[in-house]
Amino acid sequence: CPIPESPTFLLSKHKNMKALKSLEWLRGQNTETSDEFLRLKAALQEDKKSRANVFPLTRSDLHPLLLCLGLMMFQQLSGINAVMFYSVSIFVDSGSASPHVSTIILGVVNIFATIASNLLIDRFGRKVLLYISAIGMMISLGVLGAHYHS
């Protein structure tokens, strides 16, 4: 005799009669299961109610969500990961005397810039620091692209 689906699964699929038969099979034919069946059904309905409002996406949540997604997208598309990952190759191609030391310096500058931005964010605000970093990024990536283009 194959094992039937669980009563909870069958109730979630709105198969009440099969769920009751499954519960009777699990508890035995001579056992009263109607109270347990009603408790399972009530618990499943309560679970559906509590899950319905776990992540409500309201209109007021949409603007900050899109703003965060846009910032993350622009960070990825800016090319900073490519510059950081291939910094040794970039410094070798640019004729640096010690590309590994230059990469370490680049990482240290990145750390200090992050610390400075965290300290200055309350004074100037996020928008001003975002504009400053975007302008700095455009200039530095423009210089890097011009160097490799010529």
Side-chain angles (χ1 to χ4, degrees), residues 2-23 26 33 35-150:
I3 298 174
E5 295 288 346
S6 73
T8 306
F9 173 78
L10 291 169
L11 280 173
S12 71
K13 299 298 181 190
H14 305 292
K15 297 179 180 179
N16 292 347
M17 290 308 295
K18 286 185 178 181
L20 185 58
K21 287 182 182 180
S22 173
L23 188 61
L26 288 171
T33 56
D35 290 338
E36 187 177 358
F37 179 75
L38 292 175
R39 282 195 310 269
L40 276 174
K41 198 170 183 178
L44 186 66
Q45 288 175 349
E46 185 65 32
D47 189 45
K48 282 183 181 181
K49 286 180 187 177
S50 66
R51 285 188 189 183
N53 294 326
V54 172
F55 293 108
L57 187 61
T58 62
R59 191 169 180 87
S60 63
D61 296 332
L62 193 59
H63 181 70
L65 177 67
L66 291 176
L67 188 64
C68 289
L69 289 175
L71 285 173
M72 290 189 302
M73 182 185 72
F74 287 125
Q75 180 186 17
Q76 294 300 312
L77 294 176
S78 71
I80 188 62
N81 289 337
V83 171
M84 295 301 280
F85 292 149
Y86 295 106
S87 60
V88 174
S89 301
I90 291 169
F91 286 125
V92 166
D93 291 345
S94 67
S96 176
S98 55
H100 293 288
V101 173
S102 300
T103 300
I104 292 170
I105 292 171
L106 180 66
V108 170
V109 168
N110 190 3
I111 289 171
F112 281 121
T114 302
I115 292 169
S117 67
N118 283 324
L119 295 174
L120 295 174
I121 199 163
D122 289 331
R123 182 178 296 167
F124 297 112
R126 288 174 174 79
K127 194 180 279 190
V128 172
L129 289 178
L130 185 63
Y131 288 146
I132 291 170
S133 65
I135 290 169
M137 182 183 61
M138 285 189 295
I139 291 169
S140 61
L141 287 175
V143 168
L144 183 66
H147 173 75
Y148 276 100
H149 183 65
S150 57

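All values below come from the heavy atoms of this structure, side chains included, with hydrogens, waters and symmetry mates left out.
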Quiz item: Hey, what do you get for NZ (Lys15) to CG (Leu20), rounding to the nearest 0.5 Å?
Solution: 15.0 Å
Quiz prompt | Separation between CZ of Arg123 and CD1 of Ile121, rounded to the nearest 0.5 Å | solution = 13.0 Å
Quiz prompt | Set of side-chain contact (heavy atoms from CB on, under 4.5 Å) partners for Thr114, sequence neighbours left out | solution = Asn110, Asn118
Quiz prompt | Separation between CG of Leu71 and CD of Gln76, rounded to the nearest 0.5 Å | solution = 12.0 Å
Quiz prompt | From Leu69 atom CG to Phe74 atom CZ, the distance as rounded to the nearest 0.5 Å | solution = 11.5 Å
Self-check item: Distance, nearest 0.5 Å, that separates CD1 of Ile90 from CE of Met84
Solution: 10.0 Å
For residues 5-13, please give each side-chain donor-acceptor pair under 3.5 Å, one per line with the distance, not counting sequence neighbours.
residue, atom, partner, partner atom, Å
Ser6, OG, Phe9, N, 3.1
Ser12, OG, Phe9, O, 2.6

Quiz item: Looking only at atom types and distance, does a side-chain atom of Ser102 sit under 3.5 Å from a main-chain N or O of Ser98, one as donor and one as acceptor?
Solution: yes
Quiz prompt | Residues in salt bridge (charged side-chain N to carboxylate O under 4.0 Å, His left out) contact with Glu36, at least two apart in sequence or another chain | solution = Arg27
Quiz prompt | His147 atom NE2: more than 12 heavy-atom contacts under 6.0 Å | solution = yes
Practice problem: Apply side-chain contact (heavy atoms from CB on, under 4.5 Å) to Leu67 and list each qualifying residue two or more places apart in sequence or on a separate chain. | Solution: none
Under 3.5 Å, side-chain donor or acceptor atoms of residues 124-136 against the rest of the protein: list the pairs with distances, not counting sequence neighbours.
residue, atom, partner, partner atom, Å
Ser133, OG, Leu129, O, 3.1
Ser133, OG, Leu130, O, 3.0

Quiz prompt | Met137/Ile80 under side-chain contact (heavy atoms from CB on, under 4.5 Å): CA gap, chis, key distance, verdict | solution = CA-CA 9 Å; Met137 182 183 61; Ile80 188 62; 5.9 Å; no
Quiz item: Should the heavy atoms of other residues, nucleotides or ligands under 6.0 Å from OH of Tyr148 be counted, would the total exceed 12?
Solution: yes
Exercise. Return the set of residues passing side-chain contact (heavy atoms from CB on, under 4.5 Å) with Leu77 (not counting sequence neighbours), or none when no residue passes.
Key: Met73
